There are 2 protein chains.
Amino acid sequence: MVTTPRKFSRIQPKLRREHLVAATLRCLAENGHAGVSVRKIAAAADVSIGLINHYYPSIDQLISHAYETLSGGIADGLLQASEAGTDPRDSLSRFIAESFGPAILDPKMLGVWVVFWSMVRHSADMAAVQQRTYDQYRAALERHLGALAEQKGLPAMNIRAAATALNALLDGLWLTWCLNPADFSVEEGVAMCEGWVDAFAAGLFVERLKA
Amino acid sequence: MVTTPRKFSRIQPKLRREHLVAATLRCLAENGHAGVSVRKIAAAADVSIGLINHYYPSIDQLISHAYETLSGGIADGLLQASEAGTDPRDSLSRFIAESFGPAILDPKMLGVWVVFWSMVRHSADMAAVQQRTYDQYRAALERHLGALAEQKGLPAMNIRAAATALNALLDGLWLTWCLNPADFSVEEGVAMCEGWVDAFAAGLFVERLKA
DNA sequence: CAGCTTGTTGAACATTCGTGCAACAGTGTG
DNA sequence: CACACTGTTGCACGAATGTTCAACAAGCTG
């Protein structure tokens, strides 16, 4: 491969950071864990090796920043979509539908998340991001499920646990699908989640998940 | 760390392979992705660097073998546990309880699986193992769910999809818990899954998951 | 004891990695 | 035109990687 000479181009630090993060996500999606490399990311961003270390003292901080950006974007999309619902049940349907959207349900994304998860245990930064965004997801689900429970006149129960379960179902289906997209269709996946919400609304989980 | 001189010891190839696989799993659990290293695994197995390449032409094949061993062991445990059930509902409860056992629900195991998943996309061997063991899990769930549906006199439905959903719920809870063990207790996790089976037995998913 | 087989060793090699650093390019100001 | 400032470059370094290979250790057979 012939490396065409790069043109010198200077942009604002803020834009450069976004640029580097975007290149990082592309690189991770393409190369998985092998994409965690200053040189590969520099090539993907069409930028010199040294520039990355100029903006990020260590590569872990770049990955961490990319994690925060991706998580934030997904969280925004999910919250925004569900907030547009006309009632609690509709909001949950929108949350589910958005979760199975093409931006999230992409086999290449698994390689990205796998890198993130592998760093959560050893990096306090990554753990903090993970905690924050997960709490965000679940709080949203908890809110909608709580409203739905009230609307249906369900007795008091552990809504938090219910939100955890629905989130786990979504994550589990996502993971399963990424590992083998031919396993089930998007419509089936949505149906499984909608069925869970139906059961919740019917009070089927009241007994097992007591407050 | 002072490396004490190693004693020369020769064992049968079969035993040596098991030994190396065990050391590999220990190494991955301890070091995550950084544990994918001939030198680290050799140290963990108290064995020379060259011996590993003697048994496994490339390190990927060692990891693949370790994957197969771990998956097989877990599958055996789950199938054996659920097979001991007195009726379909009991079998499912045993399957669930076993899934939340200490051997599976271990935060360190996340680091191991993360390595495996990261290789599934690029290695045909890994993909084959993934496919085979996943089909095994789901077939077992499908069998028990089918028997339960018949027992309850449920109308015809997509049992395969139901098994996929329950499996996803189990996987999702496992993943969530590994990323943050303080998030919910084992008892809560079991209750979420039992609640799902309750809803299934009550026919709540019949409408959404048609045959 | 020699000879052969089986299992094991660690040095060597070419790559790749993250990071530090001094030099460089272009823009704006005087 | 000179100077300073900001953003960028890529070489250099030491450390770590996977794999190869000729030599070695011990047990078995004759």
Side-chain angles (χ1 to χ4, degrees), chain A residues 1-24 27-28 30-66 115 118-119 122-123 125-126, chain B residues 1-24 27-28 30-66 115 118-119 122-123 125-126:
Chain A
M1 191 178 84
V2 178
T3 57
T4 58
R6 184 184 23 262
K7 273 200 290 185
F8 186 98
S9 80
R10 170 161 40 199
I11 64 178
Q12 297 171 11
K14 185 185 169 183
L15 292 178
R16 181 63 82 192
R17 280 200 152 86
E18 295 176 5
H19 173 219
L20 292 180
V21 162
T24 301
C27 203
L28 292 185
E30 205 60 43
N31 307 87
H33 213 132
V36 187
S37 152
V38 182
R39 284 166 174 81
K40 289 210 181 74
I41 293 173
D46 192 36
V47 136
S48 74
I49 315 146
L51 188 60
I52 289 182
N53 279 111
H54 173 68
Y55 281 101
Y56 298 95
S58 92
I59 196 177
D60 286 8
Q61 307 197 30
L62 169 55
I63 306 288
S64 185
H65 192 190
V115 169
S118 72
M119 298 175 67
H122 301 288
S123 158
D125 287 346
M126 297 291 278
Chain B
M1 192 176 83
V2 178
T3 57
T4 58
R6 182 183 24 260
K7 273 198 291 186
F8 186 99
S9 80
R10 171 159 41 199
I11 63 177
Q12 297 171 11
K14 184 185 170 182
L15 292 179
R16 182 61 83 192
R17 280 199 152 86
E18 294 175 6
H19 173 220
L20 291 180
V21 162
T24 301
C27 204
L28 292 185
E30 204 61 43
N31 307 93
H33 214 119
V36 187
S37 151
V38 181
R39 283 166 175 81
K40 290 209 180 73
I41 293 173
D46 192 37
V47 134
S48 75
I49 315 143
L51 188 60
I52 289 181
N53 279 110
H54 173 67
Y55 282 101
Y56 298 95
S58 92
I59 196 176
D60 286 9
Q61 306 198 29
L62 170 55
I63 306 289
S64 185
H65 191 191
V115 169
S118 72
M119 297 175 67
H122 302 286
S123 158
D125 287 347
M126 297 292 277

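In what follows, every chain begins at residue 1, and chains take the letters A, B, ... in the order their sequences are listed. A quick note: this is a predicted structure, and the numbers were derived from the prediction, not measured.
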Against the side chain of A:Phe8, the closest entry in C:dG26, C:dT8, D:dT19 is C:dG26

note: A:Gln12, atom CD; C:dG26, atom P; distance rounded to Å ~ 19 Å

When rounded to whole Å, the NE2 to P distance for the pair B:His54 and C:dG10 reads 15 Å

B:Ile52 CD1 to D:dC21 P, in whole Å, measures 18 Å

field: Short side-chain N/O contact from B:Tyr55 to OP1 or OP2 of C:dT8, under 4.0 Å
entry: yes

Ranking D:dT9, D:dT19, D:dA26 by distance to the side chain of A:Ser48, first place goes to D:dT9

Among the nucleotides D:dG18, D:dG7, C:dT19, whichever has the atom closest to the side chain of A:Pro13 is D:dG7

So CE of B:Met126 and CD of B:Gln61: to nearest 0.5 Å the spacing works out to 11.5 Å

Against the side chain of A:Asn53, the closest entry in D:dT19, C:dG7, C:dT19 is C:dT19

Of the candidates C:dT9, C:dC17, D:dG18, the side chain of B:Val38 sits closest to D:dG18

message: If you compare every side-chain N and O of A:Ser9 against the phosphate oxygens of C:dG26 (OP1, OP2), does one of them come in below 4.0 Å?
response: no

B:Gln61 atom CD is separated from D:dT19 atom C1', nearest whole Å, by 13 Å

Indicate whether OP1 or OP2 belonging to C:dC17 is found under 4.0 Å from a side-chain N or O atom of A:Lys40. yes

Contacts of A:Arg39 and A:Leu51 projected onto DNA chain D by closest heavy atom; the upstream (5') one is A:Leu51

To the nearest angstrom, the CG-C1' distance between A:Leu15 and D:dT6 comes to 15 Å

Ranking D:dT9, C:dT9, D:dT8 by distance to the side chain of A:Arg10, first place goes to D:dT8

Separation between CD1 (A:Ile41) and CG (A:Leu28), nearest 0.5 Å, reads 6.0 Å

Heavy-atom nearest pair, B:Ala45 first then B:His19, reads O-CE1, 3.1 Å

Rounded to the nearest 0.5 Å, the CD1 atom of A:Ile11 sits from the CZ atom of A:Arg17 at a distance of 11.5 Å

In whole angstroms, the gap separating P of C:dT8 from CZ of B:Arg17 amounts to 11 Å

Rounded to whole Å, the CD1-C1' distance (A:Ile11 to C:dA25) equals 16 Å

Under 4.0 Å from OP1 or OP2 of C:dT16: is there any side-chain N or O of A:Ser37 that close? no

Nearest heavy-atom approach of A:Ile52 to A:Ala42 is CD1-N, 3.5 Å

Legend entry - Distance test, side-chain N/O of A:Arg16 to OP1/OP2 of D:dT6, below 4.0 Å: no

Atom CD1 of B:Ile49 and atom P of D:dA16 are separated, to the nearest Å, by 13 Å

